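Working notes, structure below.
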Number of protein chains: 2
Amino acid sequence: MPAGRPRNFDVDKALDCALQLFWRHGYEGTSLSMLTEAMGINVPSLYAAFGNKETLFRKALEWYLESPASYMANALKEPTARRVAEKVMSGSIELATHPNNPGGCLLVQGAMAASPEGAPIRHTLSQVRAAGEAAMRQRFERAKREGDLPASADAARLARFVMTMNCGFAVQAAGGASRSQLKEVAKIAMQCWPS
Amino acid sequence: MPAGRPRNFDVDKALDCALQLFWRHGYEGTSLSMLTEAMGINVPSLYAAFGNKETLFRKALEWYLESPASYMANALKEPTARRVAEKVMSGSIELATHPNNPGGCLLVQGAMAASPEGAPIRHTLSQVRAAGEAAMRQRFERAKREGDLPASADAARLARFVMTMNCGFAVQAAGGASRSQLKEVAKIAMQCWPS
DNA sequence: GGAATAATATAGTAATTGATAAATAATTTT
DNA sequence: AAAATTATTTATCAATTACTATATTATTCC
């Protein structure tokens, strides 16, 4: 145990509270007073533990990607491109409509509608989305080499299609669409998958 | 001409300036000082002419729906359901990626990421999106009666599918996706259209 | 037990938010 | 020309924003 007065709050739990707020209200829609109240700490403790609001958001984003949004990495491990696409969409829908979570997706929720001061965060989030799309593209290229996607298929376009669906799910879920409604939509989307 | 000192600004032009800002930055991301600077008027004039920030947004929204977003109403007039879906998606993409416009769609951009104070606006915008989806559903039901959609098709699901694509286009465009990239995505989406 | 260390609590910073009050200027009506 | 009406200007309002300085409390090291 390090010298000095010990923390009387759990950093990981506090970070999870912050994530919930950012997820629901976006970066700029979440104020420090909302954060400190939900995290159960006061402002100087927040700054001591997390730097400032922006670094707190970035830490919450990291945690989001490695835990609630880990469905993406898992989906890429599926054996065929079709099943990858199905898993990405169902994972995205389940995340965006889980009753314990705020509706939608942090990467979408946090990225829209921001004053000029929020531009760096917005930029980071669209980069993260682009990275997900690129990972899918590479996975689909592998599928072409492995033969479970026809050689005529365009990996980049298919990845963009799935990511566009994902963004659409996030908006629809934030607007109140139900899980079963979005699953029906995903089923329709899979009907155009090349076989 | 009414009695009293005449306005020395054009209300419609000022409203259009406000729309540009709300479109780009969302409701809460746009401040009164940004508005007055862009509109070329000072605060009391804004309040006298438009009420307050919220009614100004609602007037900008009305203007948005009847002018830049009129593609939806026009698309519904197409003779077949397939062409309706094609037109809705291409209209949405062109709006969201037009070089003179802010990227994305006001209905999406303004609806995400908001503090609790912005809830009424967020609610209004998701209602407007739901209204568009309902209009499409009715149009597709008519198409079933007219025979250009098979009786087995589900009008509500198809409408939700197209609206989900639209929301996805808006997010992707706001994140920098190009018009041609999104048109390719729309082409893929149309491959699953029932015929 | 005393010094060093680190967290918390209280209070307060300058800047910005949406919104207004009072005074002034420009019209039409009579 | 005077009164009535309406817009603009200037200044300001209380509340909130992200953030910090100071003082206090709790712990470990020596």
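Please read these numbers as outputs of a predicted model, since none were measured by experiment. The sequence lines fix the lettering, A, B, ..., with proteins before strands; numbering per chain opens at 1.
- Residues A:Thr97 and A:Phe169 have side chains not in contact (no heavy-atom distance under 4.5 Å, counting atoms from C-beta outward).
- Dashed line: the shortest gap from a side-chain N or O of B:Asn8 to OP1 or OP2 of D:dT8 is under 4.0 Å.
- Counting 5' to 3', DNA chain C first comes under 4.0 angstrom of a heavy atom of chain A and last does so at the ends given by C:dT5 to C:dT10.
- A salt bridge between B:Asp154 and B:Arg157 is present, with a side-chain N of the basic residue lying under 4.0 Å from a carboxylate O of the acidic one.
- In this structure, A:Arg5 has no salt bridge (charged side-chain N to carboxylate O under 4.0 Å, His left out) partners at least two apart in sequence or on a different chain.
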field: nucleotides 14-19 of chain D: protein proximity per nucleotide (B base, S sugar-phosphate only, - neither; heavy atom, under 4.0 Å)
entry: ---SBB

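- The side chain to side chain donor-acceptor pair (under 3.5 Å) search around B:Asn101 returns none, not counting sequence neighbours.
- Salt-bridge check for A:Arg137 with A:Glu133: failed, with every basic side-chain N at 4.0 Å or more from each acidic carboxylate O.
- Ring geometry for A:Phe57 versus A:Tyr27: interplanar angle over 60°, hence perpendicular rather than tilted (30 to 60°).
- With 3.5 Å as the limit, one finds a donor-acceptor pair spanning the side chains of A:Ser92 and A:Asn166.
- A salt bridge links B:Arg58 to B:Glu54: one of the charged nitrogens lies within less than 4.0 Å of a carboxylate oxygen.
- Not counting sequence neighbours, A:Arg7 has no partner by the salt bridge (charged side-chain N to carboxylate O under 4.0 Å, His left out) test.
- Residue B:Ile41 contributes atom CD1, which lies 15 Å from atom P of D:dT10 at whole-angstrom precision.
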query: Which nucleotides of nucleotides 22-30 of chain D have their base under 4.0 Å from a protein heavy atom (B), which only their sugar-phosphate (S), and which neither (-), written as one string 5' to 3'?
result: ---BBBS--

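- In this structure, B:Asn42 reaches the D:dT9 phosphate: one of its side-chain N or O atoms is under 4.0 Å from OP1 or OP2.
- B:Phe9 and B:Phe50 have tilted rings, their planes meeting at an angle from 30° to 60° on a 0 to 90° scale.
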